[in-house]
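Each chain gets a letter, A, B and so on, in the order its sequence line appears, and its residues count up from 1.
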Protein chains: 2
Amino acid sequence: MTFSIGDLSRQAGVKVTTIRYYEQEGLISAPLRTDGNQRRFGEKDLKRLRFIKHGRDLGLPMSAIRELLDLSGHPDQPCDQADRIARDQLLSVRDRISQLRRLEAELERIANSCSGDHTVADCDVLKAFGDHGQCKGEH
Amino acid sequence: MTFSIGDLSRQAGVKVTTIRYYEQEGLISAPLRTDGNQRRFGEKDLKRLRFIKHGRDLGLPMSAIRELLDLSGHPDQPCDQADRIARDQLLSVRDRISQLRRLEAELERIANSCSGDHTVADCDVLKAFGDHGQCKGEH
DNA sequence: TGTACTTCCTCTAGTGACTGGAGGTTCAAG
DNA sequence: CTTGAACCTCCAGTCACTAGAGGAAGTACA
């Protein structure tokens with residue numbers, strides 16, 4: 001079973017151009033070609049591409065995905081590193097969440113400060129955007 | 001009172017190179033220069049730069065900041081637009097938060113699936129990263 | 001087999017919002 | 001007047017793609 005780049009794109013949910021980009025970056029290996037120079041992929045490529053896609057969806061940076069791909073190429077190594085990557089990513093997601101929560105509070109305050117029927121000159125929203133002193137904390 | 005670019009940088013918490021970039025992009029106006037061609041800024045520039053910085057910290061895209069800066073140049077206009085920008089940003093922050101929450105749950109599941117003392121070959125973390133089917137929902 | 005139509009190819013450049021470095025000049029303190 | 005930090009311009013690089021030009025290959029149907 002072989003796939004054209006378009007098939008692969010549909011199956012994995014990754015754009016055609018992005019697949020070519022991944023190949024160029026060495027994230028997937030250069031596939032076979034037809035006589036007419038078109039790429040033909042196999043199941044393995046699909047799996048690998050899905051792995052990458054899923055990792056990206058989970059917010060992993062490409063560097064982490066590279067590490068994980070490298071790891072999966074060495075099945076006899078201990079898996080501490082894979083574990084670490086997952087935990088690191090979890091921590092950074094939690095960080096981002098709490099940062100965004102602070103932001104949310106800030107923006108709520110700012111958005112609520114506008115009663116609606118006045119002009120820019122005395123708009124509290126603009127003042128609030130301009131002045132960090134009004135904020136409760138850091139963001 | 002005038003500031004060198006370094007002074008301004010410290011006062012506003014924006015890097016020197018970034019200030020020059022903002023000038024190039026027209027976000028701040030080209031400042032006066034000394035005889036030796038060095039930039040000299042005033043209080044107005046500092047205010048404007050702080051406005052930009054604060055907006056960025058609040059997660060606004062540059063396009064929104066541009067809009068707000070334009071608005072504040074027309075003090076007699078109604079301020080609906082400033083209000084709208086704040087509300088839009090609030091909605092998008094909330095979106096991002098709930099997206100990250102789903103991610104967090106996913107990563108928790110993945111990170112917990114590794115008991116620690118085995119090899120890559122049977123590592124559930126790697127399997128989990130590779131397989132979206134294991135996930136509870138979208139991310 | 002012909003023809004249309006879609007998909008594919010490479011190559012280059014652009015995105016956003018900066019960041020970094022090279023190579024040289026100016027400023028301010030002592 | 002000297003020293004050393006700060007400044008100047010210009011260019012390239014970052015990340016992870018995305019878009020477009022200009023042309024070739026594959027495929028479905030008559």
Side-chain angles (χ1 to χ4, degrees), chain A residues 1-28 30-42 45-46 48-69 89 92 96 103 139, chain B residues 1-28 30-42 45 48-69 89 92 96 99 103 139:
Chain A
M1 212 25 221
T2 65
F3 309 107
S4 72
I5 198 169
D7 294 338
L8 195 69
S9 164
R10 275 179 296 274
Q11 301 274 333
V14 173
K15 290 194 183 171
V16 167
T17 44
T18 306
I19 296 173
R20 286 198 279 250
Y21 167 74
Y22 285 165
E23 180 187 336
Q24 183 187 310
E25 296 298 299
L27 276 158
I28 57 176
L32 298 173
R33 299 278 185 143
T34 63
D35 290 350
N37 200 34
Q38 297 197 358
R39 291 168 179 82
R40 287 299 176 265
F41 299 88
D45 299 305
L46 178 54
R48 193 173 172 97
L49 193 53
R50 278 187 174 144
F51 186 99
I52 297 170
K53 172 73 158 62
H54 194 210
R56 294 293 298 141
D57 286 348
L58 288 169
L60 298 178
M62 293 309 287
S63 55
I65 293 178
R66 264 176 220 278
E67 279 185 80
L68 289 171
L69 286 170
Q89 183 59 16
S92 99
R96 273 187 284 161
L103 252 181
H139 35 242
Chain B
M1 215 23 221
T2 64
F3 309 108
S4 71
I5 198 169
D7 294 338
L8 195 69
S9 164
R10 275 179 294 275
Q11 301 274 332
V14 173
K15 290 194 182 171
V16 167
T17 43
T18 306
I19 296 174
R20 286 197 278 251
Y21 167 74
Y22 285 164
E23 179 188 336
Q24 184 188 309
E25 296 300 297
L27 276 159
I28 57 177
L32 298 173
R33 299 280 185 142
T34 63
D35 291 350
N37 200 34
Q38 298 197 357
R39 291 169 178 83
R40 287 299 177 265
F41 298 89
D45 299 305
R48 194 174 171 97
L49 193 53
R50 277 188 173 143
F51 186 99
I52 296 170
K53 171 73 159 64
H54 194 210
R56 294 293 298 141
D57 287 348
L58 288 170
L60 299 178
M62 293 308 287
S63 55
I65 293 178
R66 265 175 219 279
E67 280 185 80
L68 290 171
L69 285 170
Q89 183 58 17
S92 99
R96 272 187 285 161
Q99 206 187 337
L103 253 181
H139 34 242

For the [atom1] atom of [X] and the [atom2] atom of [Y], what is their distance to the nearest 0.5 Å?
X: Arg39(A); Y: Leu8(A); atom1: CZ; atom2: CG; answer: 11.0 Å
X: Ile52(B); Y: Arg66(B); atom1: CD1; atom2: CZ; answer: 9.0 Å
X: Arg40(A); Y: Asp7(A); atom1: CZ; atom2: CG; answer: 8.0 Å

Between Tyr22(A) and dA16(D), does any side-chain N or O lie under 4.0 Å from OP1 or OP2? no
Taking for Arg56(A) and for Asn37(B) the nucleotide of DNA chain D with the nearest heavy atom, the one nearer the 5' end belongs to Asn37(B)
Given side chain to side chain contact (heavy atoms under 4.5 Å, CB included), test Thr2(B) with Leu32(B) step by step and report yes or no. CA-CA 10 Å; Thr2(B) 64; Leu32(B) 298 173; over 6 Å; no
For DNA chain D, which residues of residues 2-21 of chain A approach it to below 4.0 angstrom with any heavy atom? Lys15(A), Thr18(A), Tyr21(A)
Identify which nucleotide among dA16(D), dT9(D), dA25(D) has an atom closest to any side-chain atom of Arg33(B), counting heavy atoms from C-beta outward. dT9(D)
Could you tell me from which nucleotide to which nucleotide of DNA chain C, 5' to 3', there is an atom under 4.0 Å from chain A heavy atoms? dC8(C) to dT10(C)
How close do Ala12(B) and Lys53(B) get, heavy atom to heavy atom, and via which atoms? O-CG, 3.7 Å
Of all heavy-atom pairs linking Ile65(A) and Gly55(A), the shortest is CD1-C, 3.8 Å
Test side chain to side chain contact (heavy atoms under 4.5 Å, CB included) applied to Leu49(B) and Phe41(B), step by step: CA-CA 11 Å; Leu49(B) 193 53; Phe41(B) 298 89; over 6 Å; no
Before accepting this row, confirm whether a basic side-chain N of the pair Asp45(A)/Arg48(A) lies closer than 4.0 Å to the acidic partner's carboxylate O. no
Report the residue (Pro61(B) or Gln38(B)) whose heavy-atom-nearest nucleotide on DNA chain C is the more 5′ of the two. Pro61(B)
Please compare Ile52(B) and Arg40(B) by the position of their nearest nucleotide in DNA chain C and report the one closer to 5'. Ile52(B)
Taken to the nearest whole Å, CG/Asp35(A) to P/dT27(D) is 12 Å
